[in-house]
Undergrad: 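Take this structure, written in structure tokens, and hold onto it; I'll ask about it next.
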2 protein chains.
Amino acid sequence: MAATIRDVARVAGVGLGTVSRVINNSPLVSQATRQRVLDVIAELRYNPSQIARSFSLGKTLTVATIAPFFTRPSVVERLRGIEAALASGGYALVVFNVETRARRDNCLRDVPRSQRADGLLIISLAPQPDEVLALQETRLPVVLIDAYADSLPGVTIDDVAGGALATEYLIALGHRRIGFIGDLIADEMSFNFTSSRHRLEGYQQALVAAGIPPRDEYQRHGLHGRYEARVLARDLLELPEPPTALFAASDTQAMGVLEAARDLNLAVPDQLSVIGFDDIDVAEYLGLTTIRQLLFESGERGVELLLKRIANPATKLEREYLPIELIARGTTRRIAR
Amino acid sequence: MAATIRDVARVAGVGLGTVSRVINNSPLVSQATRQRVLDVIAELRYNPSQIARSFSLGKTLTVATIAPFFTRPSVVERLRGIEAALASGGYALVVFNVETRARRDNCLRDVPRSQRADGLLIISLAPQPDEVLALQETRLPVVLIDAYADSLPGVTIDDVAGGALATEYLIALGHRRIGFIGDLIADEMSFNFTSSRHRLEGYQQALVAAGIPPRDEYQRHGLHGRYEARVLARDLLELPEPPTALFAASDTQAMGVLEAARDLNLAVPDQLSVIGFDDIDVAEYLGLTTIRQLLFESGERGVELLLKRIANPATKLEREYLPIELIARGTTRRIAR
DNA sequence: CTGTTAGCGCGTTCAC
DNA sequence: GTGAACGCGCTAACAG
């Protein structure tokens, strides 16, 4: 059906090697034969088979990415950075979306073994020690994004510092009753998300440093999502002594908090301060105070690290920390006295 | 380095064919040898090479998707549907994000020729007639999603009807000065987006049908984006005789309209009604009246059509229309009299 | 400069 | 049931 390199060689009256050299822009072809071959290629509408090429080369020019809930705005933005960096490097991106524990495990196990990609990017999922070992056994270059694991390279932020930054800001505004809304512990365990947990740690540390004892009833965890956060926040805000400020582990959850405030007729920021995390696109629209992290760049940098390791697998383990920044907008204010 | 089928055969003391048969669950292997082979596979940590497999089979078990601006919420949701359907069919998804005209053309030309996928999904981009021909020449099964082209299968909605539906609703609420904000015409031309243009048609038809002459100055076009829509809307609302209702060709643009109203201290919906399109996730949060379309399902259905064509390329051209639905929320109301 | 040949790892014939 | 050839389309190494 489709023309092969052999057809081209035959019609052009040259050897296979010559056609291959033309395709690969090898300088060892005379201008005349090159032109002849190119003409035949055009005439036969020949396209080199990528698969055969990959097979022969032992390279797929493809990078796989495993991402949990890849419709989350923060994940999408990372993916955009990944795709952009990959495309400019001539690589294709294959995406595996993970929304269940079983799929997470399967992907982590099978994707590296399938050898369909030259490298693997893992977003927001921290492989367990045994998974790390299995990963390393495959010899496939791997880079984590927004996740951390011993002996695996990665690009991330200091989530503990981020949690502290948000909390310190609320404290500086005079708040002392500060609540936290983050991902479900069971969920974290199941996927091994780590960022929400670390942000919680930063929150607790900041409270302690300010002489405010963290209160268990001020810390709520639920499935990552606006609706779940809304329910948790409503519960929190109906406590006899409700928080005057809430720190949500993500902007999506912060939106749920804002909904809860609306439900309870609490004015934001007058009666309740709210701070989120990530600075996703809608945060600006909502005037949401948040901690900004460089999502697009995290994808770009992850690809850079990965391509470096693909080129030279012996590259020493690199781990990169991206900066974070407090973006003060309209959902936080000094507590009314 | 990595074990091959040959190693397994040697260690297990069987022939290559037998190992292959075990891997592919062929019934023509005795229980005893099968177990022996499986043991060796486990011992050697052997994984069949996906590339060699694809090469030998002539199938990649991969589907490529070309998507413009794949961070747009509506596109992401379609992609999620695609990935889910693909994964359950054992296919992998490779994504090409398109944000410039040049890249659009390159992708449309090169992706099908590269033969890295068994099929191609194209989101929101309508290939030109010559591109359709080139596409068909590659013999690669193609399905369009949210786009239409002669002689190419696809799943879409009736955008004209959608535009009419939104406009008729505003008319029914008593509005007669109704504006429209959509994608840039030049931009449409360049990417050949069609949905915004069709929604505009529906808008005009509905006006005419109600005896309201469409006014040019009420129709504005800009780059797809919240900020751009905000500027356009502000301009529109500062007209001497401003519209009392605005129909935005997407929810993202409707958000820009809401911002513009905020800028001008116009109360929504009391002084201005706003309706969007798509019913993306935040629409509910914002209480935005909109036209809902089934984004996730469009991806799923696109995959179904595609897999059918991959299995049998002679399948007759199918084109599927998904339903739309008006979701009335809080940004529209009967005009004050 | 150019033609030829040997694999790349696997599925699929065939004979046994 | 099982083992041994052959071929998928291409690249790389070699011989000319």
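In what follows, chains carry the letters A, B, and so on, assigned in the order in which the sequence lines appear, proteins first and then strands, with residues in each chain numbered from 1.
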Undergrad: Nearest-Å distance, CD (B/Q115) to C1' (D/dC8)?
TA: 12 Å
Undergrad: Just by distance, no angles: are the side chains of B/R78 and B/T65 close enough, under 3.5 Å, to form a donor-acceptor pair?
TA: no
Undergrad: Under a 4.0 Å N-O cut-off, is there an ion pair linking B/R80 with B/E77?
TA: yes
Undergrad: For residues B/R72 and B/S124, is any side-chain donor paired with an opposing acceptor at under 3.5 Å?
TA: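 No - no donor-acceptor pair under 3.5 Å links their side chains.
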Undergrad: What's the CZ-P distance between A/R10 and C/dT4, to the nearest Å?
TA: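 These atoms are roughly 14 Å apart.
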Undergrad: Quick one: do B/D39 and B/R36 make a salt bridge, cutoff under 4.0 Å?
TA: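 Judged by the 4.0 Å cut-off on N to carboxylate O distance, B/D39 and B/R36 do not form a salt bridge.
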Undergrad: So what does B/S54 hit on the nucleic acid, given a heavy-atom distance under 4.0 Å: a base, only sugar-phosphate, or nothing?
TA: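 Result for B/S54 = nothing.
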Undergrad: Take nucleotides 8-16 of chain C nucleotide by nucleotide from the 5' end and write B, S or -, depending on whether a protein heavy atom sits under 4.0 Å from the base, only from the sugar-phosphate, or from neither.
TA: BBBBBB---
Undergrad: Angle between the end axes of the helix from C/dC1-D/dG16 to C/dC16-D/dG1, five pairs per end, to the nearest 10 degrees?
TA: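 What I find for the helix from C/dC1-D/dG16 to C/dC16-D/dG1 is an axis angle of 50°.
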Undergrad: Respond yes when some side-chain nitrogen or oxygen of A/T18 is under 4.0 Å from OP1 or OP2 of C/dG3, and no when none is.
TA: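 It does, given that an N or O in the side chain of A/T18 lies less than 4.0 Å from OP1 or OP2 of C/dG3.
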Undergrad: A/Y321 vs A/T156, test: side-chain contact (heavy atoms from CB on, under 4.5 Å). Steps then yes/no.
TA: CA-CA 5 Å; A/Y321 286 86; A/T156 175; 3.7 Å; yes
Undergrad: Salt bridge or not between B/R113 and B/D110? Use side-chain N to carboxylate O under 4.0 Å.
TA: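 Looking at B/D110 together with B/R113, the answer is no, because their closest N to O distance does not fall below 4.0 Å.
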Undergrad: Looking at B/E320 and B/K308, is there a salt bridge between them, counting it only when a charged N and a carboxylate O are closer than 4.0 Å?
TA: no
Undergrad: Roughly how many Å is it from CD1 in A/I41 to C1' in D/dC10, rounded to a whole number?
TA: 13 Å
Undergrad: We want to know whether A/Y148 and A/D146 form a side-chain donor-acceptor pair, criterion being a heavy-atom distance below 3.5 angstrom.
TA: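 A/D146 and A/Y148 do not have a side-chain donor-acceptor pair below 3.5 Å.
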